[in-house]
Amino acid sequence: MGAIKWFAGIWGWVSGGPIGALLWYFIGSMVESGIDSLLGGTADNSSSSSQTYQRTSGRTGGYSATEQRNSFIISLLVLSSAVIKADGKTHPSELEYVKSFIRQNFGEAAVGDAMTILNQLNSQNIDIYSVGGQIASYMNYSQRMQLFHYLVGIANADGDFCKEEKSVLEAIASAIRLNSSDADSIIAMYYKDTDSAYAVLEITPSATDEEVKLAYRRMAMKNHPDKVATLGPEVQKAAEEKFRKIQEAYETIKKQRGIA
């Protein structure tokens, strides 16, 4: 019965953006729990879902960690479709990348439902700027950067990060209102060229050694994994990967320049 809340969430997204997605996701969860109860499930599950929905619909401001995570995953599915379709092909490795994220955050039972939704999205045209605008109004900046990091990871999953995918990602970055320097930094972690390490730190090769050190400290502070802790341990783990990329870029430049 897991598909009910997922389809409800997508319908909510279409009709009301991320907030609508959350509302309908929890309504779907409540319906599922009621069905499970009729089929022999426990009444506690239905009660718990009802209480969750009441907490969601009754609040006028702010969102719980659970709500933020649910909105994050729905946003990821919608924009994942745009990235996957960028090069005109659907690569199994890209789908597996998304499956892995769903599995880690929602469990194996949710994978099939998420893939059904993603397949439906892949047959539709995604208005990146409309979806991105909704995301920008809902998620804080650190969460949007982490979402973008996941999307860049999808483009890199097949080992062939092409220019078409880079262009779509740059459009997504603009749509979700990331600073171009932050977007370029995340892309440079995977899309390699001679100046990638500098791009990761949001500086140019002409930067002085002191500017390199200052840039590293600034990036380490801005991208600290604790800033996305409310999205759950798996998202925070991915943030730690991004943090390591920043450290690796700094070490690369230090080695090239002989900085102590």
Side-chain angles (χ1 to χ4, degrees), residues 6 9-10 13-14 17-18 21 71-105 111-139 141 143-196 199-200 202 223 231 234-235 238-239 241-242 245 249:
W6 287 96
I10 288 295
W13 180 284
V14 172
S71 181
F72 185 89
I73 193 64
I74 292 172
S75 302
L76 181 70
L77 286 173
V78 174
L79 293 181
S80 290
S81 176
V83 176
I84 288 171
K85 293 186 295 185
D87 60 359
K89 295 174 283 188
T90 300
H91 298 276
S93 54
E94 293 173 338
L95 294 176
E96 187 55 43
Y97 184 95
V98 179
K99 285 181 183 178
S100 178
F101 177 81
I102 301 295
R103 186 179 293 113
Q104 291 170 345
N105 283 271
V111 173
D113 298 333
M115 289 303 103
T116 297
I117 290 170
L118 187 60
N119 287 337
Q120 290 187 336
L121 289 168
N122 284 343
S123 66
Q124 301 177 19
N125 292 323
I126 304 298
D127 185 339
I128 289 173
Y129 287 95
S130 176
V131 173
Q134 293 174 347
I135 291 170
S137 67
Y138 177 80
M139 290 186 181
Y141 195 80
Q143 292 171 344
R144 279 179 273 148
M145 281 206 299
Q146 193 57 41
L147 173 63
F148 189 69
H149 179 252
Y150 270 108
L151 295 171
V152 175
I154 292 172
N156 189 62
D158 63 353
D160 182 21
F161 192 163
C162 67
K163 291 182 179 179
E164 291 81 5
E165 290 168 325
K166 184 172 181 283
S167 294
V168 168
L169 285 163
E170 288 171 343
I172 289 173
S174 175
I176 64 176
R177 300 172 197 163
L178 290 187
N179 293 333
S180 59
S181 57
D182 287 332
D184 291 344
S185 169
I186 295 171
I187 289 173
M189 294 176 186
Y190 298 95
Y191 192 87
K192 299 299 182 183
D193 58 30
T194 56
D195 295 334
S196 291
V200 169
E202 299 184 2
N223 291 276
L231 295 177
E234 291 301 332
V235 175
E241 177 190 346
K242 177 156 59 78
K245 293 283 187 182

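Sequential numbering from 1 along the given sequence is applied to the chain's residues.
- For the atom pair E165 CD and I154 CD1, the distance stands at 10.0 Å (nearest 0.5 Å).
- Contacts of D158 classified as salt bridge (charged side-chain N to carboxylate O under 4.0 Å, His left out), with partners at least two apart in sequence or in another chain: none.
- Proximity of D182 to Y141: side-chain heavy atoms (C-beta onward) are separated by under 4.5 Å at one or more points.
- With rounding to the nearest 0.5 Å, the separation of CG in N156 from CD1 in I187 is 11.5 Å.
- Side-chain contact between E96 and F101 is absent, with no heavy-atom pair separated by less than 4.5 Å.
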For side chain to side chain contact (heavy atoms under 4.5 Å, CB included), just list the numbers for I172 and V83, CA-CA rounded to whole Å, side-chain angles, deciding distance to a tenth of an Å, and then say yes or no.
CA-CA 9 Å; I172 289 173; V83 176; 3.8 Å; yes
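- A 4.5 Å side-chain heavy-atom check between V235 and Y150 finds at least one atom pair inside the cut-off.
- Atom NZ of K89 is separated from atom SG of C162 by 7.5 Å, given to the nearest 0.5 angstrom.
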Test D160 against H91 for side chain to side chain contact (heavy atoms under 4.5 Å, CB included), laying out the working first.
CA-CA 10 Å; D160 182 21; H91 298 276; over 6 Å; no
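- Residues satisfying the salt bridge (charged side-chain N to carboxylate O under 4.0 Å, His left out) test with E241, not counting sequence neighbours, are none.
- Using a 4.5 Å heavy-atom threshold, the side chains of D184 and V200 count as separate.
- Put simply, NZ on K242 and CG on N223 are 3.5 Å apart, with the number rounded to the nearest 0.5 Å.
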Can L95 and L118 be said to form a side chain to side chain contact (heavy atoms under 4.5 Å, CB included), step by step?
CA-CA 9 Å; L95 294 176; L118 187 60; 3.8 Å; yes
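- Of the charged side-chain nitrogens involved, none lies within less than 4.0 Å of a carboxylate oxygen, so that E94 and K85 do not count as a salt-bridged pair.
- In plain terms, the two heavy atoms of L77 and A114 that are nearest each other are CD2-O, 4.2 Å.
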Before giving the answer on side chain to side chain contact (heavy atoms under 4.5 Å, CB included), spell out for Y191 and L169 the whole-Å C-alpha distance, their side-chain angles and the decisive distance to 0.1 Å.
CA-CA 11 Å; Y191 192 87; L169 285 163; over 6 Å; no
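- Aromatic ring centroids of Y190 and F161 lie 6.0 Å or more apart.
- The backbone N or O of I176 lies less than 3.5 Å from a partner atom in the side chain of R144, making a donor-acceptor pair.
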